[in-house]
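Model, not experiment: these values are computed from the prediction. One-based numbering, in listed order, for ligands and for the atoms of each.
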Amino acid sequence: MKILITGGAGFIGSHVVRLFVNKYPNYQIINLDKLTYAGNLNNLKDVETASNYTFIKGDIVDTDFVMELFALHKFDGVIHLAAETHVDRSITDPLNFLKTNVLGTFNLLHAAKIHWADSTEGKRFYHVSTDEVYGALRLGEETYFTEETPYDPRSPYSAAKASSDHFVRAYQHTYELPIVISNCSNNYGSYQFPEKLIPLFINNIKQEKSLPVYGDGLYTRDWLWVQDHAEAIDIVFHKGKDSETYNIGGHNEWTNIDLVNLMCDMVDEELGREVGSARKLITYVKDRPGHDRRYAIDASKIERELGWKPSIDFETGLRKTIKWYLSNQDWLDNVTSGEYKDYYEKQYS
Ligand code: NAD
Ligand code: DAU
């Protein structure tokens with residue numbers, strides 16, 4: 001089986017590539033990535049020489065390139081993760097999100113349709129999407145996003161992801177392309193770019209820089225260990241039903257401020273500092289425009305139908321994550337240098 005994984009040099013993609021390369025020695029895994037600021041081949045050092053792994057640098061927005069790639073490789077499956085993913089960046093540069101997330105997804109769908117025209121037997125196009133397409137839930141209510149929740153995207157990022165989900169379903173409905181979609185909550189773990197809340201704050205605590213909590217800090221997210229997401233992607237890709245959607249989440253809601261306090265204390269402990277000292281770095285700052293109040297996933301369908309559930313509790317996963325960032329300073333220095341450095345310094349210094 002020849003599988004195209006897009007965005008495999010990013011955070012979640014690198015965990016998916018590693019899982020597939022190690023678990024399926026008989027598959028050929030092709031990782032297509034543009035290596036934007038968020039893509040980093042250092043995330044995949046341990047598998048880069050594997051005989052079943054190939055990396056190709058390329059842009060999914062380039063229609064001709066994508067068509068040629070499909071003609072050359074005759075993929076059996078596509079697991080599509082490549083995207084622009086940071087909500088704050090989508091507010092300042094929405095067009096880039098439209099191009100990569102919508103046009104990029106369209107190019108892949110169209111190439112799959114053309115190249116699988118003779119037979120779709122054994123083929124599958126899997127779009128890895130987000131819970132943000134469902135909009136926002138109220139704080140303090142016991143409500144959850146299910147697979148039936150109507151789409152209500154509210155940031156340029158989630159609007160672009162919602163649009164790409166619609167194109168994926170339209171290609172199934174109109175052309176019978178065999179597709180599957182999953183919508184997942186916030187991931188955390190190793191190799192996440194340090195613009196996202198958890199790695200940014202671990203790094204800032206280490207460097208005794210301020211911790212910019214947006215608004216009142218009561219925004220709530222449902223956090224999932226990235227390796228559990230990668231396992232879920234493996235299960236959905238192999239066992240999910242054609243045309244279905246699966247929500248993936250951690251049953252693990254935290255307000256940002258509670259999470260930040262927990263991170264402060266854990267990092268203090270790990271660094272042998274006085275516990276509580278990092279909390280002094282917390283600074284409430286101007287809110288993110290259009291900030292979604294709360295996300296929470298009902299992941300009962302994937303558990304019931306495919307037998308997946310998270311494997312690790314949050315405090316264990318968070319501690320492992322903190323230890324990983326504290327002991328991988330080289331990785332952090334590398335990804336925060338170059339092009340990203342200017343952005344990082346402008347945003348966070
Ligand atoms: P990321 O930003 O860490 O990585 C994205 C990857 O895509 C990078 O390697 C980048 O180089 C690549 N890429 C970007 N534009 C490209 C282009 N035009 N052509 C080819 N490659 C390109 O993202 P992530 O957090 O790993 O997210 C991966 C996917 O999972 C995304 O589709 C995202 O919407 C989805 N998702 C993320 C989360 C989360 O919490 N991070 C949760 C749910 C769903
Ligand atoms: O829900 C899934 C989504 O989770 C993914 O689809 C996105 O790609 C991913 O980036 C993530 O989006 P969020 O906006 O929820 O993640 P982020 O880490 O940017 O922010 C988490 C919360 O923390 C959010 O409420 C905003 C807040 N925040 C974030 C940063 C970077 C702060 O208060 N301060 C910050 O400096």
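In terms of protein heavy atoms, atom 38 (C) of ligand 1 is closest to Ile12 CD1, 3.5 Å. Closest to atom 27 (O) of ligand 1, if we only count protein heavy atoms, is Thr85 CG2, 3.6 Å. With respect to atom 29 (C) of ligand 1, the closest heavy atom belonging to the protein is Leu81 O, 3.2 Å. The protein non-hydrogen atom at the shortest distance from atom 43 (C) of ligand 1 is Cys184 O, 3.3 Å. Looking only at protein heavy atoms, the nearest one to atom 4 (O) of ligand 1 is Gly10 CA, 3.4 Å. For atom 3 (O) of ligand 1, the closest heavy atom belonging to the protein is Phe11 N, 3.0 Å. The closest protein non-hydrogen atom to atom 8 (C) of ligand 1 is Asp33 OD2, 3.6 Å. With hydrogens left out, the protein atom closest to atom 15 (N) of ligand 1 is Thr100 CG2, 3.4 Å, a heavy atom.
By the 4.0 Å N-to-carboxylate-O rule, Glu270 lies close enough to Arg319 to be salt-bridged with it. Lys57 has no carboxylate O lying under 4.0 Å from a charged side-chain N of Asp33, or vice versa, which leaves the two without a salt bridge. No salt bridge links Glu132 with Arg154; every basic N to acidic carboxylate O contact stays at or beyond 4.0 Å. Comment: Arg293 engages Asp216 in a salt bridge, judged by a side-chain N to carboxylate O separation of less than 4.0 angstrom.
Between Tyr151 and His166, the two ring planes are tilted [angle within 30° to 60°].
Residue Arg288 places at least one N or O, backbone or side chain, under 3.5 Å from an N or O of ligand 2. For ligand 2, one of its N or O atoms has an N or O atom of Thr85 under 3.5 Å away. Polar contact check, Arg221 against ligand 2: a nitrogen or oxygen pair lies under 3.5 Å apart. Annotation: Pro212 places an N or O atom under 3.5 Å from an N or O atom of ligand 2; distance criterion only. Considering backbone and side-chain N/O atoms, Asn186 comes within less than 3.5 Å of an N/O atom of ligand 2. Taking any N or O of Leu197, backbone or side chain, at least one lies under 3.5 Å from an N or O belonging to ligand 2.
Taking every non-hydrogen atom of Val128 and a distance limit under 4.0 Å, the qualifying atoms of ligand 1 come out as 30 (O), 32 (O). Counting the atoms of ligand 2 from 1 in the order shown, those under 4.0 Å from a heavy atom of Tyr219 are 25 (O). Per-residue contacts place Asp59 under 4.0 angstrom from the following atoms of ligand 1 (heavy atoms of the residue considered): 17 (C), 18 (N), 19 (N). Within the listing of ligand 2, atoms 31 (C) sit less than 4.0 angstrom from a heavy atom of Glu195. Residue-ligand proximity, Leu200 to ligand 2, at heavy-atom distances under 4.0 Å covers atoms 36 (O). Ligand-side atoms of ligand 2 in range of Asp131: 1 (O), 2 (C), range being under 4.0 angstrom from any heavy atom. Of all atoms in ligand 2, numbered sequentially from 1 with element shown, those under 4.0 Å from a heavy atom of His86 are 19 (O). Listed by number with element, the atoms of ligand 2 under 4.0 angstrom from any heavy atom of Val87 are 14 (O). Counting the atoms of ligand 2 from 1 in the order shown, those under 4.0 Å from a heavy atom of Asn256 are 22 (C), 23 (O), 24 (C), 25 (O), 27 (C). Residue Val213 has at least one heavy-atom neighbour below 4.0 Å for each of these atoms of ligand 2: 33 (O).
Closest heavy-atom approach to atom 13 (P) of ligand 2 within the set Lys196, Glu132, His291: this belongs to Glu132. Remark: among candidates Phe145, Tyr214, Tyr284, Tyr157, the nearest residue to atom 35 (C) of ligand 2 is Tyr214, based on non-hydrogen atoms.
The closest side-chain heavy-atom distance from Val133 to Thr130 is below 4.5 Å. A heavy-atom distance below 4.5 Å is found between the side chains of Leu4 and Leu32. A heavy-atom distance below 4.5 Å is found between the side chains of Ile3 and Phe20.
Taken to the nearest 0.5 Å, the NZ atom of Lys34 stands 13.0 Å off from the OG1 atom of Thr6.
Under the side-chain contact (heavy atoms from CB on, under 4.5 Å) rule, Val180 has a single partner from Phe125, Phe237, Tyr246, which is Tyr246. Only one option out of Lys196, Glu195, Lys161 pairs with Thr85 in a side-chain hydrogen bond (donor to acceptor under 3.5 Å, both in side chains); it is Lys196.
Panel note: side chain Asp222, backbone Ile297; a donor-acceptor pair is recorded below 3.5 Å. At distances below 3.5 Å, not a single donor-acceptor pair connects side-chain atoms of Tyr191 with backbone N or O atoms of Trp331. A donor-acceptor pair is defined here as one N or O able to donate and one able to accept, closer than 3.5 Å; no such pair exists between the side chain of Thr100 and the backbone of Phe97. Of the possible polar contacts, none joining the Arg294 side chain to the Gly140 backbone as a donor-acceptor pair under 3.5 Å is found.
Taking a 4.0 Å cut-off on heavy atoms, Gly58 registers as neighbouring ligand 1. Taking a 4.0 Å cut-off on heavy atoms, Tyr188 fails to register as neighbouring ligand 1. For the ligand labelled ligand 1, residue Leu35 lies inside the 4.0 Å heavy-atom shell. Heavy atoms of Gly8 come nearer than 4.0 angstrom to ligand 1 in no pair at all. Contact annotation: Gly104 has no heavy atom less than 4.0 Å from any atom of ligand 1.
Taking the centre of each ring, Tyr214 and Tyr284 stay at or above the 6.0 Å mark. Aromatic rings of Tyr188 and Phe314 (six-membered ring for Trp) have centroids within the 6.0 Å cut-off, being under it. No close placement of the Phe11 and Phe193 rings is indicated, their centers lying 6.0 Å or farther apart.
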